[in-house]
Amino acid sequence: MNFVEELRWRGMLHDIMPGTEDLLNKGMASGYIGFDPTADSLHVGSLAQIMTLIHFQRAGHKPYALVGGATGMVGDPSGKSAERNLLSEDALQHNLNGIKGQLEKFLDFECGANSAKMVNNYDWFKDFTFLDFIRDVGKHITVNYMMAKDSVKNRISGDTGMSFTEFSYQLVQGYDFYYLWKHENCILQMGGSDQWGNIVTGTEFIRRKDAGEAYALTTQLIKKSDGSKFGKTEGGNIWLDPAKTSPYQFYQFWLNASDDDAKSYIRIFTLFDKETIEALEAEHNTAPHLRVLQKALAKDITVRVHGEAEYEKAIKSSEFLFGSTGIEFLNELNDAEVISLFSGVPNYTVSLAELTGGIGVLDLLAVKTTVFPSKGEAKKTIQGGGVSINRVKIVADTEVFNASNLINNKFLVAQKGKKNYYLIILE
RNA sequence: GGGGGGAUACCAGAGCGGUCAAAUGGGGCGGACUGUAAAUCCGCUGCUUCGGCUACGAAGGUUCGAAUCCUUCUCCCCCCA
């Protein structure tokens, strides 16, 4: 199956420039996707782009991952309603290093002719002077053309306006494409559907400057079936970096996908073939409450991102926290085992001496720890029946805890809502 | 340069002298139902030692009393030149 067909049946394809498929069918081609260094880790949203590159490579093509050291300094206006804050050079460098390390885990950089390659556009922009840029690049693209782009139009007709810096972004990205086309024979740029305008500026630039041919392909923006934004939870973004999103939280994120979402995610984020996926769906439909689909999805991605061992730990934690195992089960474990079981959930350390004298729930959850940001909020949630300690619902905000409430003389397990656990360690 | 409009909680957006910690919608959080879904319904959504305290762009002023009236300042938008 060729690359485009692959994306198509998985529901990933959004838009493709005419001729692209024919070109790819002729043999190995090089293509790239740019990654934004706005943070030092990629998140599940970027994972979709990584998957595109993986499919590209599996179809026998040569994938390039571009990290935007230069474009990161400018800021992409696409999909943004307000001017972006610029990152300092140091922060940018730090972010680039983090992202590079992650990309290396997904693509094969040593498989011969179609080995993946990583490039940083800062390398070709750092010595590019402003005058050279406006003469060699700016001259080929009219302002009229740039103004017609949705990302620009939206901002100009909106309230916030747009700086010259962001306006020029599409030229900078357009030049990236030209540079890679010229020096690396990169003939295709891919990206999320919000990147179409930027990518096409690149193909246009290549055509006008060197009368060259280059192609564009974009993938569907991932949306949840309820319309809300993909990749965010109460805790914020879901990151690939285990220090930012623990493997347990990562596993939980996928496990919690709704049925509809799971059906689309499993096509996008796993490499299972069509038959396997359809079989899983059939199985899921006969007993939806077992959530076979979500489990298969969560397992596959967690193993690929964090490894088998972390997946096993996430499963164990999940089974305990959401299973029917009673809290007494903890008594059978030693301290290290308990801490490991809770390794994915936020934990706090409180002095044992203070607890001996008794600590009220409000102080415990809002002062000694930051389970709640204020006592007022803790109180309200308790009144709404949303707080448990050691799996027992708190009924009054005056309840006091002391050493006799400890599990293994060391722990308290707090819950906010059903899904949010916190481990309080007393020492 | 001239004229006009505006700035309210996370966002949008009412309020235009007391009854305003501020309508309504969205978002968020919590509860019920359930499959740790979806949909639906319900509650909460400034802090507090529960006496109060701090809040409606900023600083002053009028008033017993201001988000609401006046003055100055800052920022934004629109029209004309």
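Per chain, numbering begins at 1; letters A, B, ... match sequence-line order. Worth saying up front: this structure is predicted, and the values here are computed from it rather than measured.
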Would you say A:Thr381 places a side-chain N or O within less than 4.0 Å of OP1 or OP2 belonging to B:C29? no
Taking B:C16 as the reference, what is the distance to B:C33 when you measure between their C1' atoms (whole Å, please)? 45 Å
Rounding to a whole Å, what distance do you find between A:Asp260:CG and B:A38:P? 10 Å
From C-beta outward on A:Gln252, which listed nucleotide comes closest to its side chain: B:G35, B:U36, B:A37? B:U36
Quick check for you: among B:A38, B:U36, B:U45, whose closest atom lies nearest to any side-chain atom of A:Lys380? B:U45
Look at the side chain of A:Pro288 and decide which nucleotide, out of B:G35, B:U36, B:C44, has an atom nearest to it. B:G35
Pairwise side-chain contact, A:Val345 with A:Leu321, heavy-atom cut-off 4.5 Å (strictly under): yes
Could you tell me how far B:G61 sits from B:U19 if I compare only their C1' atoms? Round to whole Å. 26 Å
For atom C1', what is the distance between B:U45 and B:G26, given to the nearest Å? 13 Å
Decide whether a cation-pi geometry holds between A:Lys368 and A:Tyr348; the criteria are a distance under 6.0 Å from NZ or CZ to the six-membered ring centre and an angle within 45° of the ring axis. no
Considering only atom P, compute the distance from B:A9 to B:C53 and round it to an integer number of Å. 22 Å
On a plain distance test, is the side chain of A:Lys418 in donor-acceptor contact with the base of B:U34 below 3.5 Å? yes
Short N-O contact, A:Lys375 and A:Asp397, less than 4.0 angstrom: no
Output the rounded distance in Å from CD (A:Gln383) to C1' (B:C50). 12 Å
Rounded to whole Å, how long is the line connecting atom CD of A:Gln415 with atom P of B:U36? 14 Å
Check: A:Glu377 side chain, B:U45 base, donor-acceptor under 3.5 Å: no
A:Lys416 side chain: which of B:A37, B:G35, B:C29 is closest? B:C29
Nearest to side-chain heavy atoms of A:Ser318, which nucleotide of B:U36, B:A32, B:G30: B:U36
Do any N or O atoms from the side chain of A:Asn420 and from the backbone of A:Lys416 form a donor-acceptor pair under 3.5 angstrom? yes
Give A:Lys379 one of three labels, base, sugar-phosphate or nothing, depending on what nucleic acid heavy atoms sit under 4.0 Å from its own. base
Would you verify whether the NZ or CZ of A:Arg391 falls within 45 degrees of the ring axis of A:Phe320 while also being under 6.0 Å from that six-membered ring's centre? yes
So does A:Asn420 get a side-chain nitrogen or oxygen closer than 4.0 Å to the phosphate oxygens (OP1/OP2) of B:G30? yes
When all nucleic acid strands are considered with a 4.0 Å heavy-atom cut-off, which category describes A:Ala287: base, sugar-phosphate, or nothing? nothing
Would you mind calling B:G18 syn or anti? Take O4'-C1'-N9-C4 for purines or O4'-C1'-N1-C2 for pyrimidines, and syn is within 90° of 0. anti
Picking from B:A37, B:C50, B:U48, the nucleotide nearest the side-chain atoms of A:Asp259 would be B:A37
In whole Å, what separates the C1' atom of B:U68 from that of B:A55? 15 Å
Sticking with atom P, work out how far B:G60 lies from B:U54, rounded to a whole angstrom. 14 Å
B:A81 and B:G17: how far apart are their P atoms, nearest whole angstrom? 38 Å
Quick check on the 6.0 Å ring-centre criterion: do A:Phe342 and A:Tyr248 meet it? no
Separation of the P atoms in B:C70 and B:U63, to the nearest angstrom: 15 Å
